[in-house]
Undergrad: 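I have a structure here, written as structure tokens, and I will follow up with some questions on it.
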Amino acid sequence: MNRNSGAILVLSGPSGAGKSSIINKIKDQIGPIYFSISTTTRGMREGEVDGVHYHFVSIDEFKKDIEQEMFLEYAVVHGNYYGTSLGPVKQALKEGKLVIFDIDVQGHDAVQNRLGDITTSVFITTPTLEELTKRLHNRSTDSEAVIAGRIEMAKREVQRISEYDFLVVNDNLDEAAEILVSIAKAARMKIPTLQINEFVQKWEEQS
Ligand code: 5GP
């Protein structure tokens, strides 16, 4: 049974683990996708573009969206609000796309609760804490205090790896990308409970 009603792929893992690099590498190999653009109250980093990397908004605007129930999920990460708007996700699912989220462990929890039967989740990390620390320093986009915060959060997040379907250790970018291609293709084939029931009913019908 080949389904085309859309599915969700959640990617979580520490900043610096290479999620964006892996996604960029595979985005043309996994069929129609919609990469969810989150809304955030954090400041824009150098090189980031509003509406491409995030929708950058004020705290007041974010709170208004919360009140109007615009978010599928939202969370406070590193002291800033981050949220996934429901509208574009619903539309992409209707179009049969694989919707990809780069969200934290709290966001993953919320998506599992609301849309678990069409969700596949992957935790992406560096092989070691030491390697993560090195990468964050080499990236040098953040201050020491911010890097320390990211490392503390990474230590807490890895404690929750067991909540994910897959663990991808980004030791080698090409290998990690190849694994994620397989996972993304399989994610499309996950069958929602309702469709299983329909399939079994049809399968049993006498011709
Ligand atoms: P950064 O500030 O480095 O872009 O992202 C910080 C963290 O926020 C990352 O772990 C990222 O996965 C998470 N994040 C980004 N967008 C969302 C979102 O819409 N919801 C949640 N829950 N987390 C998000």
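Throughout, numbering of the chain's residues begins at 1 and tracks the sequence. Note that ligands are numbered from 1 as they come in the structure, with each ligand's atoms numbered from 1 the same way.
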Undergrad: Answer yes or no: is there a side-chain heavy-atom contact under 4.5 Å between Val146 and Leu136?
TA: no

Undergrad: At less than 4.0 angstrom from any atom of ligand 1, which residues have a non-hydrogen atom? List them by chain and residue number.
TA: Ser15, Lys19, Ser38, Arg42, Arg45, Tyr54, Glu73, Ala75, Val77, His78, Tyr82, Gly83, Thr84, Asp102, Ile103, Asp104, Gly107, Arg150

Undergrad: Dump the intermediate steps for ring-ring contact (aromatic ring centres under 6.0 Å, His included) on Tyr54 and Tyr82, then the final yes or no.
TA: CA-CA 9 Å; Tyr54 283 104; Tyr82 292 83; 5.7 Å; yes

Undergrad: Quick check: do Val111 and Ile103 have side-chain heavy atoms less than 4.5 Å from each other?
TA: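 A side-chain contact under 4.5 Å exists here.
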
Undergrad: Would you confirm whether the ring centroid of Phe62 sits within less than 6.0 angstrom of the ring centroid of Phe71?
TA: yes

Undergrad: Is it true that His108 and Ser121 share a donor-acceptor pair across their side chains at a distance under 3.5 Å?
TA: yes

Undergrad: How about Lys19 and Asp102: do any of their side-chain heavy atoms sit closer than 4.5 Å?
TA: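 Yes. Closest side-chain heavy atoms under 4.5 Å.
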
